[in-house]
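Below is one structure, written out as structure tokens; the observations come after it.
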Protein chains: 2
Amino acid sequence: MAQSTYVADRVGVVGLGLMGGSFAKAEHEGGREVYAWNRTHATVELAEIETIDGELTNDVIPTCELIILAGYPQVSIDWLQKMADLISPGAIVIDTVGVKRVICEKCFAIAEGHDWTFVGCHPMAGTQYSGFAHSRANMFHGAPMVVVPPQMDDFDRAGVLERLKHLLEPCGFGSFTLSTAAFHDEQIAYTSQLAHVVSNAYVKSPATQSHKGFSAGSYKDLTRVARLNAPMWRELFLDNADNLSREIGTLIDNLQQYKDAIDARDGQRLEALLAEGDRLKKEAERR
Amino acid sequence: MAQSTYVADRVGVVGLGLMGGSFAKAEHEGGREVYAWNRTHATVELAEIETIDGELTNDVIPTCELIILAGYPQVSIDWLQKMADLISPGAIVIDTVGVKRVICEKCFAIAEGHDWTFVGCHPMAGTQYSGFAHSRANMFHGAPMVVVPPQMDDFDRAGVLERLKHLLEPCGFGSFTLSTAAFHDEQIAYTSQLAHVVSNAYVKSPATQSHKGFSAGSYKDLTRVARLNAPMWRELFLDNADNLSREIGTLIDNLQQYKDAIDARDGQRLEALLAEGDRLKKEAERR
């Protein structure tokens with residue numbers, strides 16, 4: 001392995017949006033040195049005031065032990081492709097993209113022939129708002145972190161996971177779950193992507209604009225993530241089209257069953273459908 | 001008008017479930033005298049320890065200024081039919097049922113020829129749990145209260161609304177919205193009933209049982225009300241079948257549009273759908 005050139009615990013952040021900004025703030029508050037790059041340079045200048053130690057220039061890249069790719073998928077891939085030769089041997093590069101098959105395949109390929117390691121990551125946190133202005137140091141406190149290693153078998157043995165956990169300590173993740181990219185994408189299509197589609201579709205009823213005084217917690221919860229960053233989710237959804245389409249289809253089929261029972265005024269069937277959902281949710285809560 | 005026999009501010013509660021228990025606790029903590037009836041007598045005995053002043057017997061009914069029908073719709077209607085002649089002239093009777101056309105029609109009819117007033121009510125609060133054990137005095141703090149008067153025009157003039165607000169003061173409702181039963185049922189089909197159907201249907205994906213470590217806030221919010229009291233919601237859904245069926249149909253149609261765009265890998269169409277949902281939610285928040 002070639003000689004490492006990184007400074008221990010120094011962190012580079014590529015993209016200062018909601019995620020990148022939160023990583024930068026958490027690591028900085030945790031006493032780590034943080035350098036950042038952003039497509040819009042004004043954000044870097046803003047962050048330099050109290051969040052980061054400087055700009056992630058070509059001179060600084062080889063000195064980072066951890067590099068966090070926190071931009072849009074294609075921006076992250078392009079950056080890694082361009083900077084691959086500058087990254088220090090022994091360094092760890094992670095991304096934060098919400099779907100993992102596409103980005104992992106590309107970044108694992110870029111990493112081939114280099115002595116640094118790419119690890120796919122998906123921090124399971126966020127808000128319905130985007131951008132550096134909404135980022136915060138405690139964004140990841142207690143949140144699950146999904147980790148997609150290059151090889152499932154060899155990963156623990158090489159000690160990369162332990163180093164990654166140490167490097168991300170200031171973020172305060174609640175758990176680290178190892179997964180293949182394929183299994184991650186199946187799960188996420190359901191837990192996150194479908195939730196955003198449903199919430200976004202929910203508000204398209206004409207009743208949305210006249211409900212004031214007629215709503216409580218259930219409406220609020222169902223529509224919280226209707227607000228979303230459309231260009232970003234478009235990209236994430238299309239990179240996971242097979243899984244997401246299947247989940248939407250499953251939900252449509254299930255909703256149709258309730259509608260059929262209601263249209264037929266079939267109380268027994270309707271109650272059975274409701275009781276089954278209640279039972280499945282209870283079962284999931286016990287796991 | 002016949003002579004009133006009620007004691008000022010004395011409250012009768014019919015049904016000590018989640019709603020009735022919460023009304024009883026709030027009114028009692030607010031210093032009001034509270035008498036209650038429940039189908040299962042053991043609950044009344046339990047409540048008598050620290051929540052109510054006694055049982056709502058036939059002797060006590062004529063002494064209540066406010067009677068709150070907080071049981072299942074049919075139980076409430078049956079009780080009112082049976083006790084109509086015992087209720088004091090000038091008293092106010094409200095219900096708490098989540099759909100208003102059916103119960104209001106029946107209870108307005110029962111009230112005809114009596115000198116007390118029936119007012120349909122829907123307190124927009126609750127939890128995914130049911131029963132007296134989950135009731136609490138602060139259940140209605142800040143919650144909207146929808147009020148369906150016998151006649152929209154004459155109601156304010158007769159001063160009934162002001163008296164009702166005074167009687168319910170200990171509950172701390174955030175607002176009182178006057179509505180017809182028909183408009184209420186349209187709105188509630190969307191804000192509450194559809195939310196419960198979607199949440200209950202959502203957990204029927206096979207992924208529900210394997211998502212541990214792969215979920216965050218959006219899954220939690222979307223599935224919170226999947227847990228529900230199936231026999232109760234069955235009755236509420238069937239009493240609002242026309243409106244609820246229409247809302248489910250609207251949502252299915254909208255979900256299908258996202259699925260079609262995803263299946264066609266039509267990024268532009270998909271982004272337009274997402275941006276439209278974002279815009280509509282933002283617009284609704286401003287109202």
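In what follows, chains carry the letters A, B, and so on, assigned in the order in which the sequence lines appear, proteins first and then strands, with residues in each chain numbered from 1.
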Under 4.5 Å from any heavy atom of chain A, what part of [X] do you find: side chain, backbone, both or neither?
X: V198(B); value: both
X: Q256(B); value: both
X: L255(B); value: both
X: E283(B); value: both
X: E285(B); value: side chain
X: A143(B); value: neither
X: S218(B); value: both

Can you measure from [atom1] ([X]) to [atom2] ([Y]) and round to the nearest 0.5 angstrom?
X: R246(A); Y: K259(B); atom1: CZ; atom2: NZ; result: 10.5 Å
X: E271(A); Y: M232(B); atom1: CD; atom2: CE; result: 12.0 Å
X: Y258(B); Y: Q193(A); atom1: OH; atom2: CD; result: 14.0 Å
X: T191(A); Y: H211(B); atom1: OG1; atom2: NE2; result: 7.5 Å

If you apply the rule side-chain contact (heavy atoms from CB on, under 4.5 Å), what do you find for L238(A) with L270(B), and how did you get there? CA-CA 9 Å; L238(A) 291 184; L270(B) 180 58; 3.9 Å; yes
Would you mind telling me which of [options] has the largest number of heavy-atom pairs within less than 4.5 Å of chain A?
options: A201(B), S175(B), G217(B); value: A201(B)
options: G267(B), G213(B), P206(B); value: G267(B)
options: L251(B), I188(B), D266(B), D253(B); value: L251(B)
options: A261(B), S210(B), G249(B); value: S210(B)
options: S245(B), P144(B), A125(B); value: S245(B)
options: R265(B), R286(B), K282(B); value: K282(B)

Quick check on [X] against chain B: is it the side chain, the backbone, both or neither that has a heavy atom closer than 4.5 Å?
X: T223(A); value: both
X: E247(A); value: side chain
X: I252(A); value: both
X: H184(A); value: both

Among the options [options], pick out the one with the most heavy-atom pairs lying under 4.5 Å from chain B.
options: A272(A), P231(A), S192(A), A275(A); answer: P231(A)
options: A216(A), G174(A), A189(A); answer: A216(A)
options: D242(A), V203(A), N200(A); answer: N200(A)
options: D260(A), V146(A), T250(A), L244(A); answer: V146(A)

Looking at side-chain heavy atoms only, is the closest gap between [X] and [Y] below 4.5 Å?
X: L222(A); Y: L222(B); value: yes
X: Q209(A); Y: L280(B); value: yes
X: H196(A); Y: L274(B); value: no
X: I248(B); Y: I262(A); value: yes
X: Y202(A); Y: L194(B); value: yes

Quick check on K165(A): does its NZ atom have over 12 non-hydrogen neighbours (other residues, nucleotides or ligands) under 6.0 Å away? yes
Under 6.0 Å from the CZ atom of R39(A), do we count more than 12 heavy atoms belonging to anything else shown?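 Not buried by this count: 12 neighbours or fewer within 6.0 Å.
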Donor-acceptor pair, side chain of K281(A) and main chain of S199(B), under 3.5 angstrom: no
So, does K204(B) use its side chain to make a donor-acceptor pair with the main chain of L273(A) at under 3.5 Å? yes
Give a yes-or-no answer on whether the side chains of T208(B) and Y190(A) include a donor-acceptor pair shorter than 3.5 Å. yes
May I ask you to check whether F183(B) and F214(A) place their ring centres under 6.0 Å from each other? yes
